[in-house]
Amino acid sequence: MDLSIVVPSYNEEESLPLLLEWIERVVVAEGLEHEVIIVDDGSSDGSWSVIETLANRYTGIVRGVRFRRNYGKSAALNVGFQRAQGDVVITMDADMQDSPDEIPELVRMIREEHYDLVSGWKKVRHDPLSKTLPSKLFNATTRKISGIKLHDFNCGLKAYRSEVIKTVEVYGEMHRYIPLLAKEAGFKHIGEKVVTHYERKYGVSKFGIERTIKGFLDLLSVSFMAKFGKRPMHFFGALGTLMFIVGFIAALWLGAKKMWYVYNGLSMVLLTDTPHFYIALTCMILGTQLFLTGFLAELVCRNSTERNKYLIKVEI
Ligand code: UDP
Ligand code: MG
């Protein structure tokens, strides 16, 4: 099959039929053999019956998966990815903010320009300022930390070579960082395409301002895992050693100084009455704890089934 279109959908009953009509118009004109996988993420409106109707109308094309409850966009994408059979996989929001007109060019970029992943870029964006401003900050930070030159990491419209989505596992709320996960897995040919973005006509946005803080925490996790996920001791051990040495030297210095004073019969305040003593002590305790954390993290890694999982590209 040429193309799978994965649509995560949460309470989007009005948009779905229109979206499908539009997708069909574009994709059929291109003559692409395709499927559309709609993942109903525990909707509480009439979405599922709409999906059933669509599956009947477009037999063999529309497939539906219904979650028992709302798990989030990443979960919906993950399940869609598992089921996708196309050589090219495109993800698209269900709310008709993303344009199906972009599909042919995205498919061409993957097929002919051999991109692993092409991300949409909502250059002109029809969302309130409360959304676009944090998004700018989010993208700048992610660009800096990841080293991937994308303008719009969180764009719902993306295209992948099948191998990418079968390799990368989207979990938690990591749908914002699929390009990072892909890069980490060795898919480095990542491209970008400016896409048209529409205003939301039906339903409401499912993400509020809290996405910024969640996104930031996830960014820290992703970049930490990418670097030290398989060797946590290198992180905790280095930090722990540094802290312990600082504390130990400070304590040694304080002790030596005290002895020198005593030896020369000079008077000096009690060490326990000086702040330096407590700072030195705290450094040594923190250093030890970081070290222990490192050992514990190594134990956890040792038990991981993925500790020896390598992604092999070719073998002869
Ligand atoms: N979505 C989902 N599960 C959720 C939240 C959102 O499947 O828990 C879907 C939603 O139906 C839409 C897409 O994810 O198709 C993007 O959501 P939304 O349009 O609310 O995000 P925004 O455009 O505001 O960034
Ligand atoms: Mg939207």
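Ligands are counted one by one from 1 in listed order, and the atoms in each one are counted from 1 as well.
- The distance from the Mg ion (ligand 2) to the nearest N/O/S atom of Asp95 is under 2.8 Å.
- Between the side chains of His151 and Glu192, at least one donor N or O sits under 3.5 Å from an acceptor N or O.
- Atom CG in Leu3 sits 10.0 Å away from atom CD in Glu30 (nearest 0.5 Å).
- With hydrogens and angles ignored, the 3.5 Å screen pairs no side-chain donor or acceptor of Arg231 with any backbone N or O of Phe228.
- In summary, Ser205 places no N/O/S atom under 2.8 Å from the Mg ion (ligand 2), failing the contact criterion.
- Between the Glu35 side chain and the Gln85 main chain, a donor and an acceptor come within less than 3.5 Å of each other.
- Protein residues having a heavy atom under 4.0 Å from any atom of ligand 1 are Pro8, Ser9, Tyr10, Glu12, Asp41, Asn70, Gly72, Lys73, Asp93, Ala94, Asp95, Gln97, Lys131, Arg200, Ser205, Lys206, Phe207, Arg211, listed by chain and number.
- With a 4.5 Å cut-off on side-chain heavy atoms, Ser9 and Asp40 do not count as touching.
- Ring orientation note: the planes of Phe207 and His175 are tilted relative to one another, at an angle of 30° to 60°.
- Counting heavy atoms of neighbouring residues, nucleotides and ligands inside a 6.0 Å radius, atom CZ of Phe224 exceeds 12 of them.
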